[in-house]
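What follows is a set of notes on a single structure, which appears directly below.
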Amino acid sequence: MMIHEVTEKTGRYKKRKRVGRGIASGHGKTCGRGQKGAGARSGFGGSVRASREGGSNPFFRRIPKVGFSNFKFRVEYVAVNVGDLDGFFEDGAEINPEMLVKVGLLHRAKTAVKILGGGETKKKFNVTAAAFSKSAIEKIEKAGGKTTVAE
């Protein structure tokens, strides 16, 4: 018999803690929860959440909520550089979000892509994306390609 065969059994057949079964059990009366406090109360799931403030008005209710937030309406773009396109695609390629997913530059085709002007290209591309920077349009058209803004 080897040591790993002995130790793999330990902890596998641990008996559950039966609480509230009298003083002699060691888990009677307060059932291992202590005397008072949040941990002794019913409905306490094992930890007090980080936002709990012990009776004072919660932070998110204290701060004023006025004015306009652009959070719901903003569009988040995934940036792809012209130099990256040059490394992944051949001359004359049709580039769209599906092709970017296929070569591994994007995770999902549904994401909005913005083509940026980082790097250089000598290849001719027909690129379809949600947005382009001015320098990216210049570089793609200088190489003889076309840019199309997709909705």
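Quick note: residue numbers are just sequence positions, from 1.
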Going by the rule salt bridge (charged side-chain N to carboxylate O under 4.0 Å, His left out), which residues pair with R18 if we only count those two or more places apart in sequence or in a different chain?
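Once residues adjacent in sequence are excluded, R18 has no partner under the salt bridge (charged side-chain N to carboxylate O under 4.0 Å, His left out) criterion.
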N/O donor-acceptor pairs under 3.5 Å from side chains in residues 28-37, not counting sequence neighbours:
residue, atom, partner, partner atom, Å
R33, NH1, G39, O, 2.8
R33, NH1, R41, O, 3.1

Residues in side-chain contact (heavy atoms from CB on, under 4.5 Å) contact with E98, at least two apart in sequence or another chain:
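Expected list: N96, A109.
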Under 4.5 Å side-chain linkage, directly or through intermediates, the cluster mates of [X]:
X	answer
M2	none
V19	none
I95	V78, V80, V82, L85, F88, F89, M99, L100, V101, V103, L105, L106, V113, I115, F125, V127, F132, I137, I140, V149
I23	none

Set of residues satisfying side-chain hydrogen bond (donor to acceptor under 3.5 Å, both in side chains) with respect to [X], sequence neighbours excluded:
X	result
D91	none
S133	S135
D86	T121

Got a sec, which pairs hit salt bridge (charged side-chain N to carboxylate O under 4.0 Å, His left out) with one end in residues 109-134, sequence neighbours left out?
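Listed once each, the pairs are E120-K139.
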Can you confirm whether K146 sits close enough to E141 that some side-chain heavy atom of one is under 4.5 Å from a side-chain heavy atom of the other?
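No - every pair of side-chain heavy atoms lies 4.5 Å or more apart.
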Short question: side chain of R62, backbone of N57 - any donor-acceptor pair under 3.5 Å?
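Here the side-chain-to-backbone pair exists.
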Identify each donor-acceptor pair in which a side-chain atom of residues 64-74 lies under 3.5 Å from a protein atom, sequence neighbours left out, and give them as a table.
residue, atom, partner, partner atom, Å
K65, NZ, F60, O, 2.3
K65, NZ, I63, O, 3.1
S69, OG, F71, N, 3.3
R74, NE, E76, OE2, 3.3
R74, NH2, E76, OE2, 3.2

CD/E90: more than 12 non-hydrogen atoms of other groups inside 6.0 Å:
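Not more than 12 within 6.0 Å, no.
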